[in-house]
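One structure is given below, encoded as structure tokens.
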Amino acid sequence: MLMIRSAKALRSARPRFTKTAGTLRTSLFHNSERGFSSSDRNLSYKERLRNGIVGIKKDDAVALFQTMIESRPRPTVIDFNRLFTALARTKQYDLVLDLCKQMELQGIAHNIYTLSIVINCFCRSRKLGFAFSAMGKILKLGYEPDTVTFSTLINGLCLVGTVSQAVELVDRMVEMKVIPNIITLNTIVNGLCLQGKVSEAMALIDRMMDNGCQPDGVTYGPILNRLCKSGNTALAMDLLRKMEHRKIKLDVVTYSMVIDSLCKDESLEDSLSLFNEMETKGIKGNVITYNSLIGGFCNAGRWDDGAQLLRDMIERKITPNVVTFNTLIDSFVKEGRLSEAQELYNEMITRDIEPNTITYSSLIYGLCMENRLDEANQMLDLMVSKRCDPDIVTYNILIKGCCKAKLVDEGMRLFRKMSMRGLVADTVTYSTLIQGFCQSGKLNEAKELFQEMVSIGVQPSVVTYGILLDGLCDNGELEMALDILEKMHKCKIDPGICIYSIIIHGMCNASKVDDAWDLFCSLPLKGVKPDVKTYTVMISGLCKKGSLPEASMLLRKMEEDGIAPNDCTYNTLIRAHLRGSDICTSVELIEEMKGCGFSADASTMKMVMDMLVDGGLDKSFLDMLS
DNA sequence: GTTTCACTGG
């Protein structure tokens with residue numbers, strides 16, 4: 001793999017940097033993210049503020065505040081502002097507002113900084129009215145609102161989605177001779193992006209640049225994110241180049257967004273070259289960059305390269321996390337490589353990475369695919385014992401596994417177990433079980449379950465209806481299927497082409513090919529466009545009725561309508577013509593099918609073999625098929 | 001000395 005080779009070459013070109021365990025530990029203890037110990041509480045508030053209050057927890061903050069209030073001489077408002085800022089950074093806005101009020105009641109007055117913090121907290125809590133009141137208080141107290149005060153309020157307006165008012169406020173601040181700065185601009189750009197107004201955001205930046213304001217990485221972040229999330233990867237790439245051209249420093253986050261977007265677009269080669277470009281500039285990929293790449297490789301069917309990337313990141317001291325392993329495990333499982341997925345799970349445990357619900361659900365899915373239901377159930381017990389709660393997806397996977405193994409009663413047992421654990425069955429749960437009952441020929445149970453979901457207010461989806469109608473048709477209850485179709489019309493549920501295909505199929509199976517044909521012909525009037533499945537089902541019905549010329553004509557019509565036949569369409573027609581001993585047309589159809597890149601399926605091959613044995617076909621026919 | 005803005009993975 002080219003990329004990995006080049007990554008290795010890069011690595012050897014850079015100086016190695018190894019942190020010892022000792023320095024790591026020291027740096028950890030400098031960090032105030034840990035809680036306060038009892039000895040901390042004996043420190044003076046000044047020392048505590050100085051020791052660092054980053055990431056302070058609620059209880060510690062309240063205790064510290066209490067100490068400050070009781071201290072004599074009183075701390076200055078500046079010290080309180082420090083505490084409030086730290087708390088606001090942990091998003092505890094209500095607590096900040098509460099403590100601000102208490103401080104005031106203790107006779108310590110707000111200054112303009114405190115009021116800016118208060119405005120920010122109100123804005124972040126989407127309480128714009130109170131934020132503007134605080135602004136009024138600033139004016140009443142004779143303070144002059146500055147760029148920060150205005151920017152904070154502008155951000156508040158952007159957060160509630162009134163970006164036009166935010167822009168008006170910029171005009172107001174300019175009138176008041178307060179100069180907007182880069183943060184004011186970034187705030188407005190973000191506000192525009194929140195509203196999906198990417199073009200306006202870009203235009204604003206250009207206008208600002210004309211006025212001598214230089215954008216930074218923050219300016220473009222929301223735009224780039226928006227472009228990537230809306231699938232405009234090419235535009236995101238263009239913007240990345242524009243940023244480079246404008247000499248804006250790019251970081252790993254910026255690159256990762258575009259790399260992820262390229263991976264999602266299945267442009268793996270482009271994402272790899274961007275990754276290499278980033279690393280060549282000395283910007284090292286992080287776990288998120290690697291997770292995107294691993295996902296991209298797995299999606300492209302390059303599972304082993306994905307696993308190799310995991311090795312590569314470990315070697316480079318980029319620590320994989322639960323997402324890394326989940327991506328690989330899920331991908332290996334879906335490819336039927338369960339044992340490798342299980343090895344990855346074991347490696348997670350070895351590396352002290354805690355599996356989560358997604359990890360276990362993937363493994364349970366893998367076991368279900370192999371009909372290893374006992375082990376799947378054991379896995380469920382294992383995750384519960386490890387305090388990892390199964391969710392509705394986990395249960396849906398297991399229930400589907402039961403139904404697939406024709407153990408629908410076992411599926412019902414899980415359904416009840418799940419409900420007892422407080423999980424509410426959803427449309428997927430009910431649909432799966434209804435399908436299980438239908439496939440076991442237990443139509444009454446299927447109907448009852450359908451009734452139950454409707455009566456408790458779980459909305460059946462088109463998929464649910466499809467499953468039920470298919471089950472009814474397959475079990476000789478076409479009339480009831482038609483009744484339900486009627487009900488769907490009455491309830492204004494758009495059946496969609498899948499449902500019509502199922503009904504047409506049911507009609508053909510019930511030897512009502514003429515009814516099926518009428519329904520088929522009425523589809524355009526209903527505004528529904530037949531797809532390849534609808535055509536194939538109808539062709540199959542005509543063949544069954546013995547109307548081979550009509551069936552062949554329908555093949556031509558679907559091509560005219562721009563619907564490409566698939567292998568199933570061809571095989572259906574070929575078998576029908578073989579059955580009718582029309583060897584000539586069969587040969588023509590086979591040639592045509594081969595030209596489309598399809599081949600004879602198992603039942604066609606079986607029919608050919610049988611006919612060879614009976615002498616109904618020449619041996620040369622077989623050569624043509626291969 | 002204290003206040004404002006942003007972005008990445010399942």
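Chain identifiers are assigned alphabetically (A, B, ...) following the order of the sequence lines, protein sequences preceding nucleic acid strands; residue numbering begins at 1 within each chain. Hydrogens, waters and symmetry mates are skipped; everything else that's a heavy atom, side chains included, is used.
Nucleic acid contact for A:Ser256: base, since at least one base atom lies under 4.0 Å from a heavy atom of the residue. Within 4.0 Å (heavy atoms only), A:Val287 reaches at least one base atom of the nucleic acid. Residue A:Thr187 is classed as a sugar-phosphate contact, given heavy-atom separations below 4.0 Å to backbone atoms only. Among the heavy atoms of the strands lying under 4.0 Å from A:Asp146 is at least one base atom, whether or not backbone atoms are also near. Among the protein residues, A:Asn155 comes within range of the sugar-phosphate backbone only, with heavy atoms under 4.0 Å from sugar or phosphate atoms but none that close to a base. Looking at heavy-atom distances under 4.0 Å, A:Ile117 makes contact with sugar-phosphate atoms alone, never a base. No contact: A:Asp216 has no heavy atom under 4.0 Å from any strand.
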Give the C-alpha distance, both sets of side-chain angles, the deciding distance and a yes or no for ring-ring contact (aromatic ring centres under 6.0 Å, His included) between A:Tyr290 and A:Phe275. CA-CA 9 Å; A:Tyr290 270 92; A:Phe275 176 79; 5.5 Å; yes
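OP1 or OP2 of B:dT3 has not a single side-chain nitrogen or oxygen of A:Asn120 nearer than 4.0 Å. The phosphate of B:dA6 (OP1 or OP2) has a side-chain N or O of A:Asn190 nearer than 4.0 angstrom. Contact annotation: A:Arg89 reaches the phosphate of B:dT4 (side-chain N/O to OP1 or OP2, under 4.0 Å). For the OP1/OP2 pair of B:dT8 and a distance below 4.0 Å, the side-chain nitrogens and oxygens of A:Asn225 include at least one atom meeting the criterion.
Whole-Å rounding puts the A:Asn81 CG to B:dT4 P distance at 10 Å. Between the P atom of B:dG10 and the CZ atom of A:Phe325 lies a distance of 17 Å, rounded to the nearest Å. Summarising the geometry, the separation between CD on A:Gln214 and P on B:dC5 is reported as 21 Å, rounded to the nearest angstrom. For the pair A:Tyr255 OH and B:dT8 P, the interatomic distance rounds to 18 Å; values are reported in whole Å. In this structure, A:Arg124 atom CZ and B:dT3 atom C1' are separated by 13 Å, rounded to whole Å. Between the CG atom of A:Leu194 and the P atom of B:dC5 there is a distance of 13 Å, rounded to whole Å. The CG atom of A:Leu250 sits 14 Å away from the C1' atom of B:dA6 (whole-angstrom rounding). Taking atom CG of residue A:Leu262 and atom P of nucleotide B:dT8, one finds them 16 Å apart after rounding to whole Å.
Closest contact between the side chain of A:Asn286 and the listed nucleotides B:dT2, B:dT8, B:dG10 involves B:dT8. In the set B:dT3, B:dC7, B:dC5, the nucleotide with an atom closest to the side chain of A:Asp251 is B:dC7. Closest to the A:Val218 side chain, of the nucleotides B:dT4, B:dT3, B:dA6, is B:dA6. Ranking B:dG10, B:dT8, B:dA6 by closeness to the A:Met257 side chain, first place goes to B:dT8. Distance from the side chain of A:Lys264 is smallest to B:dG10 among B:dG10, B:dC5, B:dT2. Closest to the side chain of A:Tyr113, from the set B:dT8, B:dT2, B:dC7, is B:dT2. Picking from B:dG10, B:dC5, B:dG1 the nucleotide with the shortest atom distance to the side chain of A:Ile78 gives B:dG1. Side-chain proximity of A:Pro222 to the nucleotides B:dA6, B:dG1, B:dG10 is greatest for B:dA6. Nearest nucleotide to the side chain of A:Ile288, out of B:dT3, B:dT8, B:dT4: B:dT8. Across B:dC5, B:dT8, B:dT2, the shortest atom-to-atom separation from the side chain of A:Val253 is found for B:dT8.
Between A:Asp94 and A:Lys58, none of the side-chain N atoms (NZ, or NE/NH1/NH2) sits under 4.0 Å from a carboxylate O, so this pair counts as no salt bridge. In this structure, A:Asp98 does not pair ionically with A:Lys101, as no charged nitrogen and carboxylate oxygen lie closer than 4.0 Å.
For the pair A:Tyr365 and A:Lys400, the minimum side-chain heavy-atom distance is 4.5 Å or more. Between A:Thr114 and A:Asn111, some side-chain heavy-atom pair lies under the 4.5 Å cut-off. Between A:Phe332 and A:Gln342 the shortest side-chain heavy-atom distance does not fall below 4.5 Å.
Aromatic ring pairs are classed by plane angle as parallel below 30°, tilted from 30° to 60° and perpendicular above 60°; the pair A:Phe65 and A:Phe84 is tilted.
For the salt bridge (Lys or Arg N to Asp or Glu O under 4.0 Å) condition, the pairs that include at least one residue of residues 338-361 of chain A, sequence neighbours left out, are A:Arg311-A:Glu347, A:Arg337-A:Glu340, A:Glu347-A:Arg351.
Using modelled atom types and a 3.5 Å distance limit, the side chains of A:Tyr255 and A:Lys281 yield a donor-acceptor pair.
Contacts between residues 337-361 of chain A and DNA chain B, counted as heavy-atom distances below 4.0 Å, involve A:Asn356, A:Ile358.
Between the side chain of A:Thr152 and the base of B:dT4, no donor-acceptor pair under 3.5 Å is found.
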